[in-house]
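Side-chain atoms are counted along with the backbone in the values below, which use heavy atoms only and exclude waters and symmetry mates.
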Amino acid sequence: MSSFHGNTRHRSTVIWVLSALLGAHGAALAQDGDETRPIRLLATVPTPGAPLAAFDISWIDPATQLYYLADRSNAAIDVVDARHNRFLRQIHAGFRGFTGSNDTSGPNGVTVSGHWLFASDAGSRIVSVDLRSDTVADVAFTGGAPGLRADELAFAPSDGVLLAVNNADSPPFATLIHVNQQTGHLTVGKRITFSTATNGAEQPVWDPGTRRFYLSIPEIGGNAPDGAVARINLDGTLERLFPVKACQPAGLTLGPDQDLLLGCSVTFDTAGQPWSPADPRSAAPVQVIMDARTGAIDARVAGVTGSDEVWFNPGNGHYYTASRDNPSGPALGVIDARRQTLLQVVPTFNTPATAPAPRGTSHSLAANPHNNHVFLPLPANNVFPDCLNGCIGVFGAPAGNDD
């Protein structure tokens with residue numbers, strides 16, 4: 001059991017690294033008695049260009065307080081000032097854009113380390129971008145089937161290694177890519193194939209505590225209730241597949257005390273089978289917390305599900321879930337990582353199924369640990385203010401109440 005009750009001496013490397021980044025005058029890191037006050041929409045940041053509908057991963061760099069979004073609608077990475085809620089610019093790096101199918105579109109994954117941005121694209125393409133000039137430093141290819149995308153990414157900065165996931169290939173696979181952090185040069189390394197995965201491979205994360213990558217595998221062996229989290233060594237060895245039931249994990253994030261939050265993407269019923277509105281049984285929405293060291297399930301947090309990207313914010317000790325397929329409607333879930341309990345479910349927005357394509361969903365988010373604001377892209381709509389062309393919703397405690 002690796003819950004975060006009682007003794008807090010063994011917090012993950014994520015917290016003490018960000019503590020150094022935040023400094024003495026930054027946001028207070030997770031402490032006993034952290035705020036549990038509800039969050040709400042604070043602002044929206046309108047996005048320029050083509051109406052925002054097709055987008056993927058969000059990322060915040062705590063060192064610069066910049067938010068990045070893989071914006072397929074504009075074939076760009078959107079950059080937002082996460083301190084002042086201002087749209088800054090778009091980075092164009094030859095991305096495919098939206099083709100009508102996510103499997104052949106891009107950009108998809110995005111992550112930042114220092115002055116390097118890494119992003120994935122259609123055609124199994126990975127780019128490194130120098131943020132000092134927004135120019136492409138290098139391009140690498142992971143070698144998937146023609147036209148199919150490379151998807152989500154994780155980076156081990158201490159070793160200069162990316163893990164890039166080709167989720168649309170069958171079977172899906174991941175690739176280690178070595179990064180020269182002086183030049184941005186990319187060298188393709190070992191491929192890791194997930195031969196038993198039958199519904200893709202999703203969000204990876206690097207754990208500096210175990211020095212391993214972890215990766216969500218939604219489904220194993222064609223059996224919907226059976227999913228897993230893969231543990232991958234830096235040498236490319238697939239060490240373990242930690243099993244998880246009735247979840248279909250998509251999102252994955254590292255929290256305190258070597259815990260992983262699994263963003264369960266599918267709603268299951270009380271009998272552990274996929275749920276639908278016609279199901280005679282009730283929905284049993286959950287998110288799962290797993291010990292990264294052992295694969296033990298620490299908690300099944302009830303009350304929200306249908307998630308894609310999930311995020312841990314060391315600024316207040318909360319997990320956040322972009323739960324586009326939550327059975328009661330799309331939502332932003334808020335979970336206390338120490339107590340492993342659901343705090344809040346905040347309504348978001350999906351483009352109605354009756355609207356013309358392309359239709360967007362609220363499946364992506366990231367949090368700024370300095371002000372504890374959550375940035376969640378919203379497809380173009382007339383429900384949220386200043387969002388007719390699409391926007392980034394900014395959620396947090398009301399003004400004057402932030403730590």
Side-chain angles (χ1 to χ4, degrees), residues 21 42-98 105-122 125-139 149-150 152-153 155 157 162 179 181 183-184 186 309 311 322 358 360 362-371 373-381 384-396:
L21 288 172
L42 299 178
T44 56
V45 181
T47 54
L52 188 65
F55 53 84
D56 204 0
I57 291 298
S58 292
W59 185 265
I60 277 184
D61 178 6
T64 60
Q65 297 191 65
L66 295 180
Y67 165 84
Y68 299 88
L69 174 66
D71 178 355
R72 298 182 189 129
S73 293
N74 289 282
I77 302 293
D78 296 341
V79 186
V80 171
D81 178 340
R83 182 180 178 186
H84 300 104
N85 302 334
R86 291 198 301 254
F87 194 95
L88 297 179
R89 66 189 190 276
Q90 291 180 327
I91 299 172
H92 296 274
F95 299 116
R96 178 68 58 85
F98 187 62
S105 299
N108 303 300
V110 59
T111 188
V112 170
S113 180
H115 62 267
W116 298 112
L117 178 145
F118 308 104
S120 58
D121 193 13
R125 181 174 176 260
I126 308 294
V127 299
S128 59
V129 173
D130 189 336
L131 291 171
R132 295 170 297 186
S133 59
D134 288 353
T135 56
V136 174
D138 201 11
V139 177
R149 66 176 176 171
E152 302 190 39
L153 303 167
F155 185 56
L162 279 167
V179 179
Q181 297 186 76
T183 66
L186 306 174
E309 188 171 12
W311 193 274
S362 296
H363 69 104
S364 172
L365 51 66
N368 181 357
H370 292 266
N371 56 21
H373 290 173
V374 183
F375 290 75
L376 184 146
L378 296 161
N381 68 83
F384 284 78
D386 296 321
C387 206
L388 292 176
N389 198 59
C391 64
I392 313 299
V394 183
F395 295 82

Report task. Report the C-alpha separation of S105 and F98 in whole Å, then their side-chain angles, then the decisive distance to 0.1 Å, and conclude whether the side-chain contact (heavy atoms from CB on, under 4.5 Å) test is met. Result -> CA-CA 5 Å; S105 299; F98 187 62; 3.5 Å; yes
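- Distance CD1/I60 to CG/N368: 5.0 Å, rounded to 0.5 Å.
- A heavy-atom distance below 4.5 Å is found between the side chains of D130 and W116.
- Taking all atoms of both residues into account, the shortest heavy-atom contact from P51 to A380 is CB-CB, 4.3 Å.
- Put simply, the side chain of N108 gets close to the backbone of A150: a donor and an acceptor are under 3.5 Å apart.
- Put simply, CD1 on I392 and CZ on R86 are 15.5 Å apart, with the number rounded to the nearest 0.5 Å.
- Checked against side chain to side chain contact (heavy atoms under 4.5 Å, CB included), R83 has the following partners two or more places apart in sequence or in another chain: Q65, D81.
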Report task. Could you check L162 against V179 for side-chain contact (heavy atoms from CB on, under 4.5 Å), going step by step and ending with a plain yes or no? Result -> CA-CA 7 Å; L162 279 167; V179 179; 4.0 Å; yes
**Report entry** Chi angles and distances behind the side-chain contact (heavy atoms from CB on, under 4.5 Å) call for D138, T183
**Finding:** CA-CA 9 Å; D138 201 11; T183 66; over 6 Å; no
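- No donor-acceptor pair under 3.5 Å is formed between the side chain of N85 and the backbone N or O of V45.
- With contacts defined as side-chain heavy-atom distances shorter than 4.5 Å, the pair I126/S120 qualifies.
- The two atoms that bring G184 and S128 nearest to each other are O-OG, 2.7 Å, heavy atoms only.
- In this structure, the side chain to side chain contact (heavy atoms under 4.5 Å, CB included) partners of I57, at least two apart in sequence or on a different chain, are V110, E152, E309.
- In this structure, the side chain of T47 engages the main chain of G390 through a donor-acceptor pair within 3.5 Å.
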Requested in this report: Begin with the C-alpha distance, continue with both residues' side-chain angles, and end with the deciding distance and a verdict on side-chain contact (heavy atoms from CB on, under 4.5 Å) for L69 and S364.
Outcome: CA-CA 9 Å; L69 174 66; S364 172; 4.0 Å; yes
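- Residues meeting the ring pair (Phe, Tyr, Trp, His ring centres under 6.0 Å) test with F155, sequence neighbours left out: F118.
- The two residues R149 and D56 have their closest heavy-atom pair at NH1-OD2, 3.7 Å.
- Each ring-ring contact (aromatic ring centres under 6.0 Å, His included) pair with one or both residues in residues 44-78, not counting sequence neighbours, appears once here: F55-H363, W59-W311, Y67-F375.
- Checked by atom type and distance alone, the side chain of S73 pairs as donor or acceptor with a backbone atom of A54 at under 3.5 Å.
- With sequence neighbours excluded, the residues that form a side-chain hydrogen bond (donor to acceptor under 3.5 Å, both in side chains) with D78 are Q90.
- D61 contributes no side-chain N or O that, together with a main-chain N or O of S113, makes up a donor-acceptor pair within less than 3.5 Å.
- Smallest separation of non-hydrogen atoms from L52 and P377: CD2-CB, 4.4 Å.
- T44 places a side-chain N or O within 3.5 Å of a backbone atom of P385 that can act as its donor or acceptor partner.
- Panel note: side chain N74, backbone A50; a donor-acceptor pair is recorded below 3.5 Å.
- Taking all atoms of both residues into account, the shortest heavy-atom contact from D121 to R96 is OD1-N, 3.1 Å.
- Taking the side chain as every heavy atom from C-beta outward, S362 and L376 approach each other to under 4.5 Å.
- Residues I91 and V79 are in side-chain contact: their nearest non-hydrogen atoms beyond the backbone lie under 4.5 Å apart.
- Contacts classified as ring-ring contact (aromatic ring centres under 6.0 Å, His included) and involving residues 70-96 (residues at least two apart or in different chains) are not found.
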